[in-house]
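What you see is a predicted model; the values in this text were computed from it and never measured.
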Amino acid sequence: MLFSYQRSLPRQPVPSVQDTVRKYLESVRPVLSDEDFDWTAVLAQEFLRLQASLLQWYLRLKSWWASNYVSDWWEEFVYLRSRNPLMVNSNYYMMAARAGNAVHALLLYRHRLNRQEIPPTLLMGMRPLCSAQYEKIFNTTRIPGVQKDYIRHLHDSQHVAVFHRGRFFRVGTHSRNSLLSPRALEQQFQRILDDPSPACPHEEHLAALTAAPRGTWAQVRRSLKTQAAEALEAVEGAAFFVSLDAEPAGLTREDPAASLDAYAHALLAGRGHDRWFDKSFTLIVFSNGKLGLSVEHSWADCPISGHMWEFTLATECFQLGYSTDGHCKGHLDPTLPRPQRLQWDLPDQIHSSISLALRGAKILSENVDCHVFPFSLFGKSFIRRCHLSSDSFIQIALQLAHFRDRGQFCLTYESAMTRLFLEGRTETVRSCTREACNFVRAMEDKEKTDPQCLALFRVAVDKHQALLKAAMSGQGVDRHLFALYVVSRFLHLQSPFLTQVHSEQWQLSTSQIPVQQMHLFDVYNYPDYVSSGGGFGPADDHGYGVSYIFMGDDMITFHISSKKSSTKTDSHRLGQHIEDALLDVASLFQAGQHFKRRFRGSGKEDSRHRCGFLSRQTGASKTSMTSTYF
């Protein structure tokens with residue numbers, strides 16, 4: 001059963017503070033000048049001499065009685081105490097493609113979850129991973145507070161909240177304690193689509209408040225809880241939120257590149273007022289039947305929602321299916337009560353708050369530059385033939401691409417899970433290592449040969465693998481330093497070293513979207529049903545957010561985000577550099593030489609000998625699109 005191994009999971013260890021500081025200094029050496037590094041080393045030594053032992057003692061004390069010495073603080077201070085809007089800054093999205101079947105499949109997953117019929121995940125088939133995060137997938141809402149949010153989780157909920165053309169509806173999901181059939185759910189959604197009633201004044205933009213700064217939303221919500229308590233409870237107490245968008249989205253054959261970018265943007269931000277960003281997740285159904293998720297991040301990390309999404313897509317496509325006339329299978333129920341239209345009694349003083357929230361949401365939404373591109377020249381199978389870790393291969397290639405894009409190295413965040421431990425969440429892999437920088441410099445040096453570059457690449461991959469293993473085994477750097485910083489604040493101790501660490505900006509934030517249930521998809525016979533993965537916003541105003549998913553053996557889809565207001569970033573430009581970098585790295589291997597010959601063409605300049613700021617003019621060499629991406 002899902003929670004069978006919870007009591008046998010070890011607690012996450014507190015690393016040695018000396019080791020953590022040493023690893024931290026090693027990680028920042030490639031991105032700091034000699035002067036800045038020397039000053040940082042002095043601060044670190046002062047910290048170790050004066051404060052480290054006391055702060056470490058408190059952490060060890062906490063580790064004896066707490067389930068996890070860092071995860072509760074991570075949830076509180078990184079997520080719930082953040083006053084920034086959730087849209088773009090915290091929430092992330094997932095892509096796919098259809099509403100009655102999808103909602104039914106999601107509720108089937110919840111039924112299996114409640115009965116613990118989801119098998120626990122075993123790493124390499126042996127080591128169990130913590131399942132605690134699964135508990136809050138459904139019936140969960142992040143409630144705003146003036147100083148701090150909190151997560152409200154209900155034991156059960158037998159309805160979903162639905163948004164369509166500025167109106168809110170409550171749709172029951174059960175009849176006589178049994179789950180409605182897909183056809184009955186489709187019937188309810190069709191009734192909403194056919195409902196001609198207009199939105200009430202300011203109702204259409206009400207959800208923009210969930211995209212506002214959290215303190216502002218908390219204050220307005222107090223009035224809503226008094227004036228529109230029933231409607232608010234119907235939304236916040238729903239199993240999840242459903243947005244029936246009036247516009248189409250998804251990949252089109254006519255303009256595949258632009259349509260994927262627009263698809264990603266619609267899922268990440270929408271129009272700023274058509275998602276309830278507080279809900280654990282919003283199911284978004286576009287007018288052409290394409291689907292996607294917008295997920296609130298505080299309650300769990302991506303592998304959890306990803307596991308649910310994989311089950312939903314496989315069940316919707318291959319188990320439930322559709323009748324020959326295109327409807328969900330099953331029978332209509334004429335006795336089923338119509339969806340309940342929610343009534344919002346919005347006091348006058350809220351109107352200006354909604355307008356301000358909408359204005360801010362639109363500014364934030366319009367500032368996001370999303371770019372999604374499938375790379376199909378090679379994938380996991382080629383990397384395996386090179387006897388390398390696929391994730392490490394991509395991470396080192398990203399360092400090459402980013403250096404060509406910006407002309408410099410930067411701190412790089414890669415998310416790694418710590419679910420080998422009880423209530424473990426994530427740790428940071430600092431992928432910009434000295435070894436990776438040596439490889440990148442060699443690739444940009446005309447005097448270096450391919451064998452020399454390949455040798456440095458293997459060293460960089462080995463270093464990344466060592467960092468990844470350390471992070472997953474509780475020996476990472478960042479969560480330990482974060483917990484030490486929290487203790488220092490509790491004790492009112494000023495630590496210049498920890499303050500400097502806490503203020504660092506991640507100009508390159510990366511994550512791999514895992515595919516966890518390959519047995520659910522036959523990617524060779526049904527390539528149209530492969531998920532395109534998902535993405536998130538940049539962590540820095542002048543940085544990039546990059547996620548990637550290995551789709552089968554021969555494709556990698558990248559999701560890149562940045563901010564249009566920055567003069568230093570361009571998502572499409574980085575995407576081109578990523579493609580170039582992958583081809584250049586592959587060409588170092590004898591098995592990958594044909595990629596460059598085939599797609600670069602004879603006489604084209606080797607991109608590793610070009611200035612990093614010049615973008616290649618693409619034509620026929622650009623990846624061709626197939627039905628695989630639908």
Side-chain angles (χ1 to χ4, degrees), residues 19 21-38 40-41 44 383 386-414 416 428-471 476-478 504 506-510 512 543-544 546 548 574 577-593 596 605-614:
D19 284 348
V21 171
R22 175 183 57 79
K23 292 176 182 177
Y24 170 80
L25 292 174
E26 179 184 345
S27 74
V28 298
R29 187 64 189 94
V31 300
L32 295 180
S33 64
D34 291 342
E35 182 180 356
D36 289 341
F37 179 77
D38 290 342
T40 301
I383 300 174
C386 298
H387 305 290
L388 295 170
S389 157
S390 54
D391 182 67
S392 296
F393 187 102
I394 298 298
Q395 285 292 325
I396 306 306
L398 286 177
Q399 290 299 315
L400 177 59
H402 185 269
F403 183 82
R404 289 172 173 174
D405 184 81
R406 295 289 297 273
Q408 63 184 26
F409 298 107
C410 72
L411 285 176
T412 303
Y413 182 109
E414 181 192 5
T428 304
V429 179
R430 292 175 167 244
S431 300
C432 184
T433 61
R434 183 179 302 180
E435 291 79 1
C437 294
N438 290 338
F439 163 73
V440 170
R441 292 190 185 100
M443 289 291 285
E444 300 299 274
D445 185 350
K446 294 182 180 181
E447 303 301 320
K448 297 293 184 181
T449 64
D450 281 358
Q452 289 174 316
C453 291
L454 178 57
L456 290 171
F457 180 76
R458 291 190 180 278
V459 171
V461 165
D462 289 343
K463 178 64 176 181
H464 180 267
Q465 275 287 285
L467 291 177
L468 179 61
K469 291 177 181 177
V477 170
D478 287 273
E504 288 176 341
W506 302 98
Q507 292 188 3
L508 183 58
S509 182
T510 71
Q512 179 186 166
Y544 290 106
V546 180
Y548 48 96
L574 180 64
H577 284 306
I578 290 174
E579 181 179 308
D580 288 342
L582 289 171
L583 289 172
D584 287 343
V585 172
S587 69
L588 299 177
F589 299 84
Q590 185 174 5
Q593 289 289 338
K596 183 177 289 187
E605 186 181 12
D606 186 343
S607 66
R608 75 183 179 94
H609 297 156
R610 291 183 289 114
C611 172
F613 292 95
L614 297 178

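Note that the CG atom of Asp36 and the OG atom of Ser33 stand 3.5 Å from one another [nearest 0.5 Å]. Considering CZ of Arg430 and NZ of Lys23, their distance stands at 12.0 Å, rounded to 0.5 Å. Atom CD of Glu579 is separated from atom CG of Leu583 by 6.0 Å, given to the nearest 0.5 angstrom. Atoms CG and SG, from Leu508 and Cys410 in turn, are 5.0 Å apart once rounded to the nearest 0.5 Å. Summarising the geometry, atom CD1 belonging to Ile394 is positioned 12.0 Å from atom OG belonging to Ser431; distances are rounded to the nearest 0.5 Å. With rounding to the nearest 0.5 angstrom, the CG atom of Leu400 is 9.5 Å from the CZ atom of Phe457.
Salt bridge status for Arg458 with Glu435: absent, with no side-chain N to carboxylate O gap under 4.0 Å.
Counting only distance, with no hydrogens or angles, the side chain of Thr428 and the backbone of Tyr413 share no donor-acceptor pair below 3.5 Å. Between the side chain of Arg29 and the backbone N or O of Leu32, at least one donor-acceptor pair lies under 3.5 Å. Between the Glu444 side chain and the Arg441 main chain, no donor and acceptor come within less than 3.5 Å of each other. A donor-acceptor pair is defined here as one N or O able to donate and one able to accept, closer than 3.5 Å; such a pair exists between the side chain of Ser587 and the backbone of Asp584.
At a cut-off of 3.5 Å, with distance as the only test, no side-chain donor of Gln507 or His402 sits close to an acceptor on the other residue. Between the side chains of Tyr548 and Asp391, at least one donor-acceptor pair of N or O atoms lies under 3.5 Å. Side-chain polar atoms of Glu414 and Thr510 form no donor-acceptor pair below 3.5 angstrom. Counted by atom type alone, Tyr544 and Asp405 present one or more donor-acceptor pairs between their side chains at under 3.5 Å. Under the 3.5 Å distance criterion, with hydrogens and angles disregarded, no donor-acceptor pair is assigned to the side chains of Ser392 and Gln395.
Side-chain contact between Asp478 and Tyr24 is absent, with no heavy-atom pair separated by less than 4.5 Å. Residues Phe589 and Leu388 meet the side-chain proximity criterion, which asks for heavy atoms closer than 4.5 Å. Within the 4.5 Å cutoff, the side chain of Leu574 has heavy atoms near those of the Val546 side chain.
Closest non-hydrogen pair, Leu468 versus Ala416, comes out as CD1-CB, 3.8 Å. Annotation for Ala44 and Val21: closest pair CB-CG1, 3.7 Å, computed over non-hydrogen atoms. Summarising the geometry of Val585 relative to Met443, their closest heavy-atom pair is N-CE, 4.5 Å, with the distance given to 0.1 Å.
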Mind running side-chain contact (heavy atoms from CB on, under 4.5 Å) on Phe439 and Val459 for me, showing each step along the way? CA-CA 8 Å; Phe439 163 73; Val459 171; over 6 Å; no
Phe393 and Val461: side-chain contact (heavy atoms from CB on, under 4.5 Å), yes or no, with the steps? CA-CA 7 Å; Phe393 187 102; Val461 165; 5.6 Å; no
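Of the candidates Ser27, Ser509, Cys432, Thr412 forms a side chain to side chain contact (heavy atoms under 4.5 Å, CB included) with just one, namely Cys432.
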